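Each remark here refers to the structure printed beneath this line.
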Amino acid sequence: MLRIFNTMTSAKEEFKPITPGKVGMYVCGVTVYDNCHIGHARANVAFDVVYRYLRHSGYDVTYVRNYTDIDDKIINRANRDGVEFNVISERYIKAFDEDMARLNLALPTHQPKATEYVDEIIALVARLIAAGAAYPADGDVYFSVEKYEEYLKLSKRNLEDMQAGARVDVDERKQHPMDFALWKGAKPGEPFWTSPWGNGRPGWHIECSAMSMKLLGETFDIHGGGKDLVFPHHENEIAQSEAASGKPFVHYWMHNGFVNINSEKMSKSLGNFFTIRDILDTYDSEVLRFFLLSAHYRSPIDFSDQNLSDAEAGLERIYSSLAAMDELLASAGTASNSADELVEKVESLHGRFCEAMDDDFNTALAIAHLFDLVRALNKAIAEKSASAELLGRLKAEIARLAEVLGVFNSVPAEFLARIKSRKSSELSISTDEIEALVEQRSAARKARDFKLSDAIRDQLLAKGIELLDTATGTEWKIK
RNA sequence: GGCGCUGUCGCCAAGUGGUAAGGCAAAGCUCUGCAAAAGCUUUAUUCAGCGGUUCAAAUCCGCUCAGCGCCUCCA
């Protein structure tokens, strides 16, 4: 039984879809005016796992993730660069798609763009005016927060307190200071669409209501996004959607925690952000994804070199074990019977994994179960007490988990080689030199000249190279 | 000022009433020419502090301390 933490009720609730077997899910994507940072990576990876796990659980999921491709920030950026706004939006949609592909995100069912839904947006605004929940004012159209009695039910505030803390000058065209724009009249030189209220463009918030209602219906199951979207974005979406339809908008609201830098929120406005592409210059994309899944999606996660390195070490441990298993299988060194402990771990893995994931997508716990299995596997390999049949099942079980988590999909030996080659580019010694020294040392060892062989080993260690003498020869890895 | 979140081993991190998962790091042992890797063992009588409820609390309640978030664009 899947339980989801619902922001609306501040509690974990049993998940019951509106239509048995089907799930409609909408996640706020990005406003495309710049490259994405790790915060975007976290949100998208988190909901990618939600999507994958729902499908794994047998649901037919319709997953919608939008691009907000018309907005003040896009216009500002276009003006700065002296290009049309759609040059900017298209450039960063492409960049977003590339980043998400590198992070192994499954493609959503639909990826609508705000500019493709302007007709629906205008219709929704007109519907709100007709319902008395919105009013035109001087080319703009505003939503009247006082007309929607449940306003702020998601963020659990009240209008009076909000105004007390207001830091924005009040626009005199608004009937209430908290009223927000559904439609913005175009200023000279700005991109526009024609509407009953004159030339203009959609306000922020309305596009998500229009697109989600069009693609998922007026009431759907899950709506997600970062914690910072609770207010005002999601609050306003609820107000617009429910004031128009008269129906509940969403059943389960999910919000992911922030990526922090030194315990502080990473954000554009603070200027303390790292882009996904910058990070992927230094770390493998699978390591970044594994790192993001090592904490629960609602907790804050601290981004640092140290933490990424720890994640890399952990992932290497898992892949090293899997690689050793592959070698064992290839060398036909398997036994006829398997150790009981390994049998038990293999058989219980999927159940324990699902139990963790059913508890509000607890990926950290799910991964811990995998480490449990790895320890039993290493032991069985060391003791040569694993049958080919069981190892085959183990591989299949890992593959099922990998399909949900989006990590562990690599061929183990290839992952390890990838990490090795990435690290070797930072070394002060070339691969050829290393290989030559390793050969010299092997010759010295064969001649039982351990003084020379140890000197070579120390020399390499000083450069960060560790040697592993195995039955089949000497291998090396980067520390 | 309003609303809300967090504080668990050196570091990361699960655990929301039944007596502290897992990873990294560290130490000892096995293996090894010696190492490394791997395995085994060890490392929180204790969960920011102080009170309270309970047969039983990291988990519930109250207060205090520390850190953070939203209230303005933001994943």
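Predicted model only: the values in this text are computed from it and were never measured. Numbers restart at 1 for each chain; the letters A, B, ... are given by sequence-line order, proteins then strands.
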With a non-hydrogen cut-off below 4.0 angstrom, is Ser309(A) in contact with a base, only sugar-phosphate, or nothing?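 Contact class for Ser309(A): none.
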Which part of the nucleic acid does Gly39(A) contact within heavy-atom distance under 4.0 Å: base, sugar-phosphate only, or nothing? base
Given that both distances must come in under 3.5 Å, which nucleotide forms a Watson-Crick or G-U wobble pair with rU19(B)? none
Partner of rG51(B) by Watson-Crick or G-U wobble geometry, both contacts under 3.5 Å, or none?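 Base partner found: rC61(B).
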Between [N] ([atom2]) and [X] ([atom1]): distance, integer Å:
X: Met357(A); N: rA14(B); atom1: CE; atom2: P; answer: 14 Å
X: Leu270(A); N: rU72(B); atom1: CG; atom2: P; answer: 16 Å
X: Leu308(A); N: rA13(B); atom1: CG; atom2: P; answer: 13 Å
X: Lys384(A); N: rC31(B); atom1: NZ; atom2: C1'; answer: 12 Å
X: Lys265(A); N: rC71(B); atom1: NZ; atom2: C1'; answer: 12 Å
X: Phe231(A); N: rC71(B); atom1: CZ; atom2: C1'; answer: 6 Å
X: Leu154(A); N: rG69(B); atom1: CG; atom2: P; answer: 20 Å
X: Asp228(A); N: rG69(B); atom1: CG; atom2: P; answer: 11 Å

Quick one: do [X] and [Y] make a salt bridge, cutoff under 4.0 Å?
X: Glu98(A); Y: Arg102(A); value: no
X: Asp359(A); Y: Lys12(A); value: yes
X: Asp72(A); Y: Arg201(A); value: yes

Can you check whether Phe220(A) and Phe249(A) have ring centres sitting under 6.0 Å from each other? yes
Would you please name every residue forming a salt bridge (charged side-chain N to carboxylate O under 4.0 Å, His left out) with Lys395(A), sequence neighbours left out?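 Lys395(A): salt bridge (charged side-chain N to carboxylate O under 4.0 Å, His left out) contacts with Asp326(A).
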Tell me every residue that passes salt bridge (charged side-chain N to carboxylate O under 4.0 Å, His left out) with Glu237(A), counting only those two or more places apart in sequence or in another chain. none
Polar atom pairs (N or O), protein with nucleotides 2-5 of chain B, under 3.5 Å:
from, atom 1, to, atom 2, distance (Å)
rG2(B), O2', Asp161(A), OD2, 2.5
rG2(B), N2, Arg157(A), NH1, 3.4
rC3(B), O2', Lys156(A), O, 3.3

Tell me yes or no: between the side chains of [X] and [Y], is some donor less than 3.5 Å from an acceptor?
X: Asp69(A); Y: Tyr92(A); answer: no
X: Arg157(A); Y: Ser155(A); answer: yes
X: Asp360(A); Y: Tyr297(A); answer: yes

Close side-chain approach of Arg289(A) and Leu105(A), heavy atoms under 4.5 Å: yes
Full working for side-chain contact (heavy atoms from CB on, under 4.5 Å) between Ile465(A) and Ile478(A): CA-CA 5 Å; Ile465(A) 308 298; Ile478(A) 298 149; 4.0 Å; yes
Which parts of nucleotides 16-22 of chain B does protein reach within less than 4.0 Å, heavy atoms only, written one letter per nucleotide 5' to 3' as B for base, S for sugar-phosphate only and - for none? -----BS
Mind checking side-chain hydrogen bond (donor to acceptor under 3.5 Å, both in side chains) for Lys384(A) and listing every partner two or more places apart, or none if nothing turns up?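 Scan of Lys384(A) (side-chain hydrogen bond (donor to acceptor under 3.5 Å, both in side chains), adjacent residues dropped) gives none.
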Can you list everything that forms a side-chain hydrogen bond (donor to acceptor under 3.5 Å, both in side chains) with Asp305(A)? Sequence neighbours excluded, please.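 Result, side-chain hydrogen bond (donor to acceptor under 3.5 Å, both in side chains) vs Asp305(A): Tyr283(A).
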Would you give me the side-chain donor-acceptor pairs under 3.5 Å for residues 314-322 of chain A, sequence neighbours excluded?
from, atom 1, to, atom 2, distance (Å)
Glu316(A), OE1, Lys423(A), NZ, 3.2
Tyr319(A), OH, Glu286(A), OE2, 2.4
Tyr319(A), OH, Phe408(A), N, 3.3
Tyr319(A), OH, Asn409(A), N, 3.3
Tyr319(A), OH, Ser410(A), N, 3.1
Ser320(A), OG, Glu316(A), O, 2.7
Ser321(A), OG, Asn378(A), OD1, 3.0

Asn378(A) side chain near rG39(B) phosphate (N/O to OP1/OP2, under 4.0 Å):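 Answer is yes, contact under 4.0 Å.
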Of all of residues 26-37 of chain A, which get a heavy atom below 4.0 angstrom from RNA chain B, listed by number? Gly29(A), His37(A)
So which of residues 253-260 of chain A are in contact with RNA chain B, with a heavy-atom cut-off of under 4.0 Å? Asn256(A), Gly257(A), Phe258(A), Val259(A)
On RNA chain B, check which nucleotide each of Ser263(A) and Lys379(A) is closest to and give me the residue with the more 5' one.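 Closer to the 5' end of RNA chain B: Lys379(A).
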What are the atom names and distances for every N/O pair under 3.5 Å that joins the protein to nucleotides 8-12 of chain B?
none

Which atom pairs link the protein and nucleotides 32-37 of chain B when you take only N or O atoms and keep those under 3.5 Å?
from, atom 1, to, atom 2, distance (Å)
rG33(B), N7, Arg445(A), NH2, 3.4
rG33(B), O6, Arg445(A), NE, 3.1
rG33(B), N1, Asp454(A), OD1, 3.0
rG33(B), N2, Asp454(A), OD1, 3.4
rG33(B), N2, Asp454(A), OD2, 2.6
rC34(B), O2, Arg457(A), NH1, 3.1
rC34(B), O2, Arg457(A), NH2, 2.3
rC34(B), N3, Arg457(A), NH1, 2.7
rC34(B), N4, Asp469(A), OD2, 3.1
rA35(B), N6, Asp469(A), O, 3.3
rA35(B), N1, Asp469(A), N, 3.0
rA35(B), N1, Asp469(A), OD2, 3.4
rA35(B), N3, Arg457(A), NH1, 3.3

Please report the C-alpha distance between Tyr252(A) and Phe5(A) in whole Å, then the side-chain angles of each, then the deciding distance to 0.1 Å, and finally whether the ring-ring contact (aromatic ring centres under 6.0 Å, His included) criterion is met. CA-CA 8 Å; Tyr252(A) 301 89; Phe5(A) 184 89; over 10 Å; no
Do other residues, nucleotides or ligands put more than 12 heavy atoms under 6.0 Å from Lys420(A) NZ?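 Buried by this count: over 12 neighbours within 6.0 Å.
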Which pairs of donor and acceptor atoms, one on a side chain in residues 450-463 of chain A, lie under 3.5 Å apart (sequence neighbours left out)?
from, atom 1, to, atom 2, distance (Å)
Ser453(A), OG, Phe450(A), O, 3.2

